[in-house]
Amino acid sequence: MLKDRITGAKALMRALQAEGVKTIFGYPGGSIMPVYDALFDYTRGEKKCFDHILVRHEQGAAHAAEGYARVSGEVGVALVTSGPGATNVLTGVADAMMDSTPIVVIAGQVSINSLGTDAFQEVDLVGVAQPISKWSYQIRHAEDVAWAVSRAFYIARSGRPGPVVLDFARNAQVEEIEWEPKKVDYIRSYVASPKLDMNAVREAAELINNAKKPLALVGQGVELGHAQEELKAFLEKADIPAGRTMLGLSALPSHHPLNVGMLGMHGNYAVNLKEQECDVLIAIGMRFSDRVTGNTKTYAKQAKIIHLDIDRSEIDKNVKTDVAIVADCKISLPALAALVNKNNHQEWHESFKPLDEKEHEKVIEPAIHPTEGPLLMGEVVNAVAEQAPKGTVLVTDVGQNQLFATRYFKYPEKRSICTSGGLGTMGYGMPAAIGATFATDRTVCCFMGDGGFQMCIEELGTIMEQQAPVKMILMNNHYLGNVRQWQDMFWMRRKSFTKMLNPNYELIAQGYGIPYEAVTDRQNLAAAIRKMLDTKGPFILECAIKEDDDVLPMTPPGMNVNDMMLEI
């Protein structure tokens, strides 16, 4: 019996189908055209198994894949052409690498007999992508397609997730082969999930059981490991207050009694100061970013530090650890919970309250309930959060909009935040929000500043075509606000090229056929938000924001965590 003979391009379709892919974000071009021709049959009719979302820029494809992955918990997929198509997508690859987001990018490439000749739209993608991806590989022959795709998805989703780049030579797309599926679930020398060391677990449990002032730092690793319930069981048994990193905000519900706020440069006052007072610090699925630790020379020197992480390379990288538990937190947290004592740290909990009250009086209340003057970002975020349906997904761009949004939004459910953390990519918000809408039926609210909105403004075309129900909240202060704040604070108020002359966003919205509302008066804010949330499909809500609205609290860069400022 003859085996089924198909092209490499069609083999790719079957390989993606085998991995459970449902949505592809992409942009066609010459070197990926055979794949797009094969895709035609798989997006319509009886053979339909994929939705292809045509973005307006390849960077948008990568960010949309990231948003899809973050919210769904599955691998996001981007499909682009060679040369500039491939290089445009690399910002998203780097972003995914920094934030441990599982995406697979498939890019066209010139035929192998043209490699090294400076052929039209030839770029050494494997070489360029290698430092910013978990794995990059060039598919040179059609017979390698099934293996390469299976391996790519295995690497992207296993262990500490991340991006994988496949460089698909054009000759391999058109060659014919006998189709034979492959399944990669083991790679020699690649340990996706290290074996749990129970000696380390026992050491950690002893430290926790003897602690008087324990504090947990919860990162995105809990979400990536699907260990939200295991986290709660551990914290509740040992009665440990928990701060959350920006990317880990929805790993523990906002309303949970052990949640003591957000860590980091613009996090909450009490939890940041208490890092310098706790006697045992338990870091769970977080990497001790400089935005969390401040000056590492003085960070938590009084505490015994326990670090739970699946990636051994994170241990002792930034902060010296006393006990390291290197394993999947879905395995390590229950093991640790089984050995810790049922405890009560009420006096320790109570010590957070005066600091919380101080922040609420000096920062939070003035930010969310101002009585006069222009609109503030904090009050806009808070007003949206109050009306948004339970489980709404927060997507942000980067800058002040991100910092205000993450501080004042609410996270009752898991996988409820999508933001660019490590790389801080302006322009991330809109395409990531598009991806999020294809991953869930939950409401998706995307907060953007006027700078970030214009970075990927072309993706309004994708929103228009797909009628993607992104609720876009444009907080317009006519500045690159975060840079402006730093210029005011650290550069003698010399506002060098941060003032922005902006377009008429109403006319832009009209051109894309997207409903729009502008708010300049806080008396109209609640009604405008209700209109946005009640409108089916996409919506742009532009809010005129005070130009010199500053994000507080703030730990100045390079300073100690307990040098956090409540006022400027």
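Computed from heavy atoms alone, side chains included, the values below leave out hydrogens, waters and symmetry copies.
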Does the [X] side chain pair with the main chain of [Y], one donor and one acceptor, at a distance under 3.5 Å?
{"X": "Asp309", "Y": "Gly285", "answer": "no"}
{"X": "Arg522", "Y": "Pro374", "answer": "yes"}
{"X": "Gln387", "Y": "Ala526", "answer": "yes"}
{"X": "Arg56", "Y": "Gly461", "answer": "yes"}
{"X": "Glu458", "Y": "His57", "answer": "no"}
{"X": "Lys358", "Y": "Lys353", "answer": "no"}
{"X": "Asn268", "Y": "Val271", "answer": "no"}
{"X": "Arg291", "Y": "Gly422", "answer": "no"}

Tell me whether the count of non-hydrogen atoms from other residues, nucleotides or ligands lying under 6.0 Å of CG in Asp441 goes above 12.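 No, CG of Asp441 has 12 or fewer neighbouring heavy atoms, counting only those of other groups under 6.0 Å.
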Count the heavy atoms of every other residue, nucleotide or ligand shown that sit under 6.0 Å from CD of Gln467, and state whether that count exceeds 12.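 For Gln467, atom CD is crowded (more than 12 foreign heavy atoms under 6.0 Å).
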Which heavy atom of [X] sits nearest to which heavy atom of [Y], and what is that distance?
{"X": "Ala107", "Y": "Thr81", "result": "CB-O, 4.1 Å"}
{"X": "Pro431", "Y": "Glu459", "result": "CB-CG, 4.2 Å"}
{"X": "Asn272", "Y": "Val561", "result": "O-CG1, 2.8 Å"}
{"X": "Ala69", "Y": "Gly76", "result": "CB-N, 3.8 Å"}

Do [X] and [Y] make a side-chain contact, defined as non-hydrogen atoms from C-beta onward lying under 4.5 Å apart?
{"X": "Leu90", "Y": "Leu125", "result": "yes"}
{"X": "Ile434", "Y": "Ile463", "result": "yes"}
{"X": "Ser420", "Y": "Met426", "result": "no"}
{"X": "His63", "Y": "Thr425", "result": "yes"}
{"X": "Pro503", "Y": "Met500", "result": "no"}
{"X": "His52", "Y": "Leu54", "result": "yes"}
{"X": "Val77", "Y": "Phe50", "result": "no"}
{"X": "Lys232", "Y": "Leu258", "result": "no"}

Please determine which of Arg415, Lys330, Glu413, Glu223 meets the side chain to side chain donor-acceptor pair (under 3.5 Å) test together with Gln228. Glu223
Any luck finding a side-chain donor-acceptor pair between [X] and [Y] under 3.5 Å?
{"X": "Ser313", "Y": "Asp311", "answer": "yes"}
{"X": "Ser416", "Y": "Ser250", "answer": "no"}
{"X": "Gln220", "Y": "Ser100", "answer": "no"}
{"X": "Thr245", "Y": "Arg287", "answer": "no"}
{"X": "Glu517", "Y": "Asn524", "answer": "no"}
{"X": "Asn477", "Y": "Asp549", "answer": "no"}

Would you please name every residue forming a ring pair (Phe, Tyr, Trp, His ring centres under 6.0 Å) with Tyr408, sequence neighbours left out?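 With sequence neighbours excluded, Tyr408 shows a ring pair (Phe, Tyr, Trp, His ring centres under 6.0 Å) to no residue whatsoever.
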[X] side, atom [atom1]; [Y] side, atom [atom2] - distance, nearest 0.5 Å:
{"X": "Met564", "Y": "Met559", "atom1": "CE", "atom2": "CE", "result": "12.5 Å"}
{"X": "Glu74", "Y": "Glu19", "atom1": "CD", "atom2": "CD", "result": "10.5 Å"}
{"X": "Thr293", "Y": "Asn560", "atom1": "OG1", "atom2": "CG", "result": "10.0 Å"}
{"X": "Glu365", "Y": "Glu357", "atom1": "CD", "atom2": "CD", "result": "13.0 Å"}
{"X": "Ser496", "Y": "Trp491", "atom1": "OG", "atom2": "CH2", "result": "10.0 Å"}

Could Lys274 and Phe352 be counted as a cation-pi pair, given that NZ or CZ must be under 6.0 Å from the ring centre and within 45° of the axis?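 Judged by the rule, Lys274 and Phe352 form a cation-pi pair.
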Are Glu314 and Arg160 close enough, and set up right, to give a salt bridge (Lys or Arg N to Asp or Glu O under 4.0 Å), and what steps lead you there? CA-CA 11 Å; Glu314 290 297 344; Arg160 180 180 181 173; 2.7 Å; yes
Between Tyr479 and Gln400, is the side-chain contact (heavy atoms from CB on, under 4.5 Å) condition met? List the steps. CA-CA 10 Å; Tyr479 269 98; Gln400 285 185 318; over 6 Å; no
With sequence neighbours excluded, give me every ring pair (Phe, Tyr, Trp, His ring centres under 6.0 Å) pair touching residues 493-530.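 Only Phe453-Tyr505 qualify under ring pair (Phe, Tyr, Trp, His ring centres under 6.0 Å).
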The test is salt bridge (Lys or Arg N to Asp or Glu O under 4.0 Å); show your working for Arg407 and Glu359 and say whether it passes. CA-CA 12 Å; Arg407 275 182 58 83; Glu359 180 186 0; 2.7 Å; yes
